[in-house]
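Below, chains carry the letters A, B, ... as their sequence lines are ordered, and counting in each starts from 1.
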Protein chains: 2
Amino acid sequence: MVDTARDDPRGRPAAERVQRPQARTTERREAVLKAAMNVFGARGYNKGALVEVAEQAGMTHAGVLHHFGSKEGLLVAMLKYRDGEEVAGVPARAQTEGPAFLQHLVDTVEENTHRRGVVQAYTVLSGESVTDGHPAHDYFQGRFHGLRAKIAGVLGEVSGNTDERELADAASALIAIMDGLQVQWLLEPDAIDMPRILSRTIDELVDRLRRP
Amino acid sequence: MVDTARDDPRGRPAAERVQRPQARTTERREAVLKAAMNVFGARGYNKGALVEVAEQAGMTHAGVLHHFGSKEGLLVAMLKYRDGEEVAGVPARAQTEGPAFLQHLVDTVEENTHRRGVVQAYTVLSGESVTDGHPAHDYFQGRFHGLRAKIAGVLGEVSGNTDERELADAASALIAIMDGLQVQWLLEPDAIDMPRILSRTIDELVDRLRRP
DNA sequence: TCCAACTTACTTACAAGTCAGTAAGTGTGC
DNA sequence: GCACACTTACTGACTTGTAAGTAAGTTGGA
């Protein structure tokens with residue numbers, strides 16, 4: 001057997017190694033990541049089993065562990081993959097900048113109404129992430145922190161308002177609306193028009209920030 | 001042995017039985033429900049174990065099952081208990097009515113900043129509830145449905161606005177803000193002032209609804 | 001160019017643990 | 001005296017992770 005754990009007692013996953021991957025490896029890993037999205041989205045991280053992820057990717061659960069080292073490693077890779085970061089050799093999308101970012105938020109929410117699985121995965125995992133020692137805790141903490149800063153910056157730009165606290169509050173509220181609406185929408189899709197409500201809220205928010 | 005499964009193959013919990021409970025039974029059950037809040041709040045429903053709930057309530061996990069029939073039964077009872085409903089003989093709080101309800105929301109959020117466990121339980125479980133076949137699915141669906149109606153009604157009362165759609169959207173947004181802020185607050189408490197943001201949002205919302 | 005040495009990408013089999021739920025028995029309060 | 005409130009003991013279903021083996025691919029050197 002190949003010794004995958006020469007230095008690290010917990011085993012060093014193949015994804016971290018510098019050496020040569022084989023031809024179809026990238027697409028196999030992407031298949032696993034997509035399967036993880038499905039399974040963790042449908043069942044949550046704790047209830048989602050590696051066996052099911054593996055099945056959907058067309059291999060055994062030991063094969064999944066070969067690529068990602070552990071279930072936790074798979075989750076983290078999946079979250080980064082969702083964010084468009086490069087994970088073991090997969091693409092990276094461009095980030096929208098400046099005022100257009102607010103429209104980008106609305107567009108994304110509009111898109112999301114056609115991608116229930118993605119929304120469900122995000123909702124389940126962000127909820128789970130507040131539990132003690134959850135492997136996605138740091139990810140979501142960092143995500144919210146960064147998103148707040150970004151949105152606050154854009155809101156300041158657009159409104160001319162310079163009150164840091166007010167901008168931060170508005171940013172928090174905006175993120176909260178988006179996330180909160182997703183839960184309600186998942187439970188009763190026909191009762192919630194996410195893009196309309198978000199768009200309206202942004203308009204009101206910018207309007208308010210423009211006044212002293 | 002007492003036959004707990006005379007009619008229902010899945011067992012009829014003691015809590016549902018018509019017969020006379022013993023003296024200290026009510027408080028024992030309440031202890032279990034409080035323990036369930038702790039455990040499901042800290043670890044989520046899927047990862048939260050009956051053994052831990054039982055330990056915290058001072059009995060074995062089989063004792064818990066004696067009272068609530070199944071883990072799912074315990075969760076549902078816990079959710080109802082949290083809502084102030086009567087569960088196997090425990091109190092029921094009064095509901096605030098009319099315009100005062102909006103202030104009540106702010107007060108509750110203020111209280112919640114001192115009850116992290118309750119907030120965490122709510123956040124984790126509402127997130128989990130959108131997964132396939134989750135036992136709390138119906139509970140949260142009903143909860144959001146009812147809460148939206150109630151808040152929309154109060155907002156109409158307060159603002160004089162009669163546009164049903166606008167009121168419903170505002171109600172959804174308000175609930176979304178409250179829930180969304182909780183996630184951010186749990187992950188970074190010092191960065192989020194929930195009562196301030198909510199209070200501000202309600203003011204703006206009512207203000208907007210007053211204009212045509 | 002071919003081959004030996006090695007790695008990668010898996011598989012099957014199993015170890016070890018956790019968990020919900022069941023069966024049956026015990027003591028105690030009404 | 002009997003139902004209730006438990007306990008102890010156990011089962012079976014799942015879990016993640018590991019061990020060990022194998023086929024196929026890659027690389028460096030003769």
Side-chain angles (χ1 to χ4, degrees), chain A residues 1-6 8-32 35-36 39-40 43-55 57-75 88-89 135, chain B residues 1-6 8-32 35-36 39-40 43-55 57-75 88-89 135:
Chain A
M1 181 225 170
V2 172
D3 182 13
T4 56
R6 205 176 302 126
D8 188 343
R10 301 175 56 199
R12 173 163 304 180
E16 282 174 26
R17 238 172 265 155
V18 214
Q19 277 153 318
R20 35 195 168 148
Q22 285 180 10
R24 291 172 42 92
T25 299
T26 299
E27 49 188 285
R28 303 298 348 262
R29 288 200 183 137
E30 206 174 351
V32 174
V39 174
F40 293 156
R43 312 213 190 286
Y45 173 72
N46 285 317
K47 208 187 178 188
L50 285 180
V51 188
E52 199 178 346
V53 174
E55 249 168 35
M59 64 178 76
T60 63
H61 88 279
V64 172
L65 288 171
H66 163 73
H67 285 296
F68 298 97
S70 67
K71 190 187 182 185
E72 191 172 324
L74 172 62
L75 177 66
Chain B
M1 179 226 170
V2 172
D3 182 13
T4 55
R6 206 174 301 125
D8 188 343
R10 300 174 60 198
R12 173 164 302 180
E16 281 173 28
R17 250 174 256 148
V18 217
Q19 278 151 320
R20 41 202 157 138
Q22 284 180 9
R24 292 173 39 91
T25 300
T26 299
E27 51 189 283
R28 302 296 351 259
R29 288 197 186 140
E30 205 173 353
V32 175
V39 174
F40 293 155
R43 311 210 191 289
Y45 172 73
N46 285 317
K47 209 186 178 188
L50 284 181
V51 189
E52 201 178 344
V53 174
E55 249 168 36
M59 65 178 76
T60 63
H61 89 279
V64 171
L65 288 171
H66 163 74
H67 285 296
F68 298 97
S70 68
K71 191 187 183 186
E72 191 172 324
L74 173 62
L75 176 66

In whole angstrom, what separates [X]'s [atom1] from [N]'s [atom2]?
X	N	atom1	atom2	value
B/Glu55	D/dT7	CD	C1'	15 Å
B/Arg43	C/dA20	CZ	C1'	17 Å
A/Tyr45	D/dT15	OH	C1'	12 Å
B/Met59	C/dA20	CE	C1'	17 Å
A/Leu74	D/dT15	CG	P	15 Å
A/Lys71	D/dT15	NZ	P	9 Å
A/Leu75	D/dT15	CG	P	17 Å
B/Lys47	C/dT18	NZ	C1'	11 Å

Just to confirm, is there a sub-4.0 Å distance from OP1 or OP2 of [N] to any side-chain nitrogen or oxygen of [X]?
X	N	value
B/Arg24	C/dT28	no
A/His61	D/dT16	no
A/His66	C/dC10	no
B/Arg28	D/dA5	no

Within this structure, what is the [atom1]-[atom2] distance for the pair [X] and [Y], rounded to the nearest 0.5 Å?
X	Y	atom1	atom2	result
A/Leu75	A/Lys71	CG	NZ	8.5 Å
B/Phe40	B/Leu74	CZ	CG	4.5 Å
B/Glu27	B/Arg24	CD	CZ	4.5 Å

Look at the side chain of [X] and decide which nucleotide, out of [options], has an atom nearest to it.
X	options	result
A/Leu50	C/dT8, D/dT16, C/dC19	D/dT16
B/Ala49	D/dT15, C/dA20, D/dA5	C/dA20
B/Leu65	D/dT18, D/dT15, C/dG21	C/dG21
B/His67	D/dA5, C/dT12, C/dA9	D/dA5

> Which part of the nucleic acid, if any, lies within contact of A/Gly48, taking any heavy atom under 4.0 Å across all strands shown: a base, the sugar-phosphate backbone alone, or nothing?
Replying inline: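 Sugar-phosphate, backbone atoms only, no base.
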>> Base, sugar-phosphate or nothing for A/Ala62? Non-hydrogen atoms, less than 4.0 Å.
In response: base
> A/Met59 versus A/Arg28: any side-chain heavy-atom pair under 4.5 Å?
Replying inline: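 Side-chain contact under 4.5 Å: yes.
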> Any side-chain heavy atom of B/Glu52 within less than 4.5 Å of one from B/His61?
Replying inline: no
